[in-house]
Structure formats: C-alpha cells, structure tokens
Amino acid sequence: MPELPDVEHARRVLAERAVGRRIELTVTTDPGVLRNAPAETLDRTLRGHRLIEPERHGKWLIVWTSGPAIVIHFGMTGGLILGEGPQGRHRHDRVIFELDQGELRYRNMRKLGGLWLALDRQEITGILGPLGPDALGLGRRQFRELVARRRGWVKAALMDQRFLAGVGNLLADEALWRGRIHPARRMEELAAPERERLFDGLRTVVRTSVERFDDVPGMRGWLMNVRGLPGAACPRCHTVLGRTVVGGRTTYFCPRCQPER
DNA sequence: TCAGTTGTTTATAT
DNA sequence: AATATAAACAACTG
C-alpha cells in the first residue's frame, strides 16, 4: 500500500536508524528511476554528506543530507530498505546508498515514481508540484474549509493530491467506508453530518494505518482486508460488497452502509 | 493470453 | 477554471 503510511514508516525508520550516517557511495543499478540527474552526478553530489532528519509531505519523502536532498516517490511498488550490508540485495533495488554503516536501498519493481536530486527547498517545491495539506494531522476545521471549495466526486477529491496529500485508492475507499459515504457522491451535496463522518473516517484510517503499519492491509474489520476477494462482504453488515470505478480506480464499497443517495 | 495492480502525468473532453 | 476520462508509464501476478 504505498500511500502515506508507507512513506511515513520509511521516514521514521530513517529518522531512527539512519540519521548521522555518511553516504560513501551511491550505486545506481537502474538509471531508469533517476528523474533529474544522471547516476554520476547523483554519486558525486551526495558523496561524503551525512543524512539528517527526513521530511514527508503526502506520498513524497525528502531525505535531507548535510548538502543536497534526495526526493523520493515510491509509485505503486516502491520502498526503502535499510540493510546492514550488501547481503539481501534484490534485483529491484534500483539505487543503493552505501553508508559508513549499512546501506540504504531504493527498491521499486514497476519503476513508477523515482528519485530526484534537489539542492534547496525551492527545487523541492518544483519537483513536488502543487500539493494540498498533508492528510496526517489534518484538522477538522481545515478539512471543512477544503471541502467547502471542492465539487465533484468525493472519492476523486480524496485521491487528488492537490486537494489532500497522501491518500490513495485503498485509503480513500477505507475512509469512505468508515464514514458511510458512497464514493460517487458529490462533495457539494454532502450534508454537514456526512462531511463530519467523512473527516472522522479519514482521520481514523490515516492515524491507525500509520501507527499499525505492519498490519495494513490485513487489519481485521477493515475493508482493505477483504477487498478483491471473491464474494467479499462488508465487515460491518455482511452485505456483499459493490465494485465500481471512480476517479479511474477500482472502487469497493458497501451498498447498504454507503447508499448512493 | 488476458486482466488486474497500492501512483502520477499528460492529453482531451466536458 | 475545475472536473472527468483514458492512456501511458512498467513489471510483475494469477
């Protein structure tokens, strides 16, 4: 589930275990994931710098060093692995940062997403593009303001990174299911209590999935745990789930808990 | 062989 | 100006 929780997990691992380490060598085994600098530049620019506290905005990870920053997006199949050494390397480890102690690997099977080099915050802003507020720690009032100026399908809004940063297909379905809102309802037609339910569902889903990263998906009683299974039923009322497409993505919902109107 | 997959960008249409 | 849709990217799995 490379959505906000995965990226936040990676950020915490780095913060706890990699801050202070020095990059000795950057090995690029697949230049296809480098988006704005050739492998040689990446290595030359980063070499000798130490990792400092990383940041996250939505699904973007910003790995700061004492010099430039590495801007990382996981796409659908990416992640970071902190290893003790070269053992355990995988063929989808596309870039490897050899540290003075251990190594950091950017693994990405499908190569959507990638890795950027940025020299300052302004460059990072340009790489990230327009992003809404981060979904983790989003306040209720802020959410109300956001919703007030959005029209169209509610699920499309949740997944729109310019509206709200960090929520993808699975989290959007989960939040809607929790809030008992049909994914194809229109934002401007949601009544005030429905908007509050949506916020509550979103907050619970984002917070819980960040704190219990290892169990997501797979958490009992969650939509994620059953979506896609043949004959899957709503964990709440056991009605057979509905399946449709919203915002271009396969969408699961409970026809009973989340009525169309 | 075919359909499907957690994400984003681009083009096109409304 | 926003929003909706589809295709493309790419590499797998069932």
Side-chain angles (χ1 to χ4, degrees), chain A residues 1-10 29-36 56-61 71-80 90-95 106-116 124-132 134-136 146-177 183-190 202 205-206 208-210 212-219 222-232 241 243-253:
Chain A
M1 183 189 54
E3 297 186 37
L4 184 151
D6 310 76
V7 187
E8 176 62 13
H9 182 252
T29 59
D30 186 344
V33 298
L34 301 186
R35 302 299 178 186
N36 73 344
R56 180 190 58 76
H57 192 132
K59 303 172 191 174
W60 291 91
L61 183 64
V71 178
I72 296 176
H73 199 288
F74 290 165
M76 293 170 83
T77 56
L80 280 179
H90 187 277
R91 65 193 173 100
H92 297 318
D93 291 339
R94 314 286 184 180
V95 179
Y106 177 67
R107 184 173 296 181
N108 195 334
M109 188 255 283
R110 279 175 71 187
K111 298 200 282 187
L112 305 177
L115 202 146
W116 288 252
I124 292 173
T125 305
I127 292 163
L128 269 52
L131 289 179
D134 191 78
L136 181 63
L146 228 46
V147 165
R149 30 192 173 80
R150 179 76 187 206
R151 293 172 292 116
W153 291 348
V154 58
K155 180 176 174 182
L158 292 180
M159 291 193 302
D160 184 347
Q161 302 301 297
R162 294 166 303 186
F163 174 76
L164 182 67
V167 175
N169 195 29
L170 270 54
L171 281 186
D173 278 0
E174 199 73 40
L176 288 161
W177 175 76
R185 293 283 306 279
R186 298 189 65 88
M187 199 66 105
E188 69 273 22
E189 291 169 3
L190 292 185
L202 181 65
V205 161
V206 171
T208 309
S209 56
V210 162
R212 299 194 48 198
F213 171 83
D214 290 344
D215 292 339
V216 180
M219 206 119 56
W222 280 42
L223 184 67
M224 268 180 218
N225 207 27
V226 297
R227 61 177 298 152
L229 300 177
L241 294 180
R243 184 189 139 131
T244 179
V245 173
V246 177
R249 319 294 301 191
T250 302
T251 299
Y252 291 92
F253 65 101

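Here is the naming used below: chain letters follow the sequence lines, and residue numbers restart at 1 for every chain.
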Please check: side-chain N/O of [X] versus main-chain N/O of [Y], any donor-acceptor pairing under 3.5 Å?
{"X": "A/Q161", "Y": "A/V167", "answer": "yes"}
{"X": "A/H92", "Y": "A/Y106", "answer": "no"}
{"X": "A/N108", "Y": "A/L112", "answer": "yes"}
{"X": "A/E3", "Y": "A/G168", "answer": "yes"}
{"X": "A/T29", "Y": "A/D93", "answer": "yes"}

**Message:** Any carboxylate oxygen within less than 4.0 angstrom of a Lys/Arg side-chain nitrogen, looking at A/D173 and A/R249?
**Reply:** no
**Prompt:** Would you call A/R56 and A/E8 a salt bridge, using N to O less than 4.0 angstrom?
**Reply:** yes
Nearest heavy-atom neighbours spanning [X] and [Y]:
{"X": "A/V206", "Y": "A/A135", "answer": "CG1-O, 4.0 Å"}
{"X": "A/W222", "Y": "A/V205", "answer": "CH2-O, 3.7 Å"}
{"X": "A/T244", "Y": "A/F253", "answer": "CG2-CE2, 3.6 Å"}

Would you mind classifying the nucleic acid contact of [X] as base, sugar-phosphate or nothing, using non-hydrogen atoms under 4.0 angstrom?
{"X": "A/G248", "answer": "nothing"}
{"X": "A/G113", "answer": "nothing"}
{"X": "A/R162", "answer": "nothing"}
{"X": "A/R249", "answer": "base"}

Take atom [atom1] of [X] and atom [atom2] of [N], then tell me their distance rounded to the nearest Å.
{"X": "A/M219", "N": "B/dT6", "atom1": "CE", "atom2": "C1'", "answer": "15 Å"}
{"X": "A/N169", "N": "B/dG7", "atom1": "CG", "atom2": "P", "answer": "6 Å"}
{"X": "A/L112", "N": "B/dG7", "atom1": "CG", "atom2": "C1'", "answer": "6 Å"}
{"X": "A/D160", "N": "B/dG7", "atom1": "CG", "atom2": "C1'", "answer": "13 Å"}
{"X": "A/F74", "N": "B/dT8", "atom1": "CZ", "atom2": "C1'", "answer": "15 Å"}
{"X": "A/L115", "N": "B/dT8", "atom1": "CG", "atom2": "C1'", "answer": "16 Å"}
{"X": "A/N108", "N": "B/dG7", "atom1": "CG", "atom2": "C1'", "answer": "10 Å"}
{"X": "A/R35", "N": "B/dT8", "atom1": "CZ", "atom2": "P", "answer": "13 Å"}

**Prompt:** Does A/V245 or A/R149 map to a spot on DNA chain C nearer the 5' end, using the closest nucleotide for each?
**Reply:** A/R149
**Message:** Can you give me the first and the last nucleotide of DNA chain C (5' to 3') that has an atom within less than 4.0 angstrom of a non-hydrogen atom in chain A?
**Reply:** C/dA2 to C/dC12
**Request:** Decide if atom CZ of A/R35 counts as having more than 12 heavy atoms of other residues, nucleotides or ligands within a radius under 6.0 Å.
**Result:** yes
**Request:** Toss me the dot-bracket line for DNA chain B: Watson-Crick and G-U wobble, both under 3.5 Å, 5' to 3', using | for pairs to another strand and [ ] for crossers.
**Result:** .||||.||||||||
**Item:** A/Q161 side-chain N/O to B/dT8 phosphate OP1/OP2 under 4.0 Å
**Value:** yes
**Message:** Any side-chain N or O of A/H73 below 4.0 angstrom from OP1/OP2 of B/dG7?
**Reply:** no
**Asked** How does protein contact run along nucleotides 9-14 of chain B, one letter per nucleotide 5' to 3', with B for base contact, S for sugar-phosphate only, - for none, heavy atoms under 4.0 Å?
**Response** ------
**Prompt:** If you measure from the P atom in B/dA3 to the same atom in C/dA6, how many Å do you get, rounded?
**Reply:** 16 Å
**Prompt:** Out of A/R94, A/R107, A/R110, A/R91, which one pairs with A/D30 under the salt bridge (Lys or Arg N to Asp or Glu O under 4.0 Å) rule?
**Reply:** A/R94
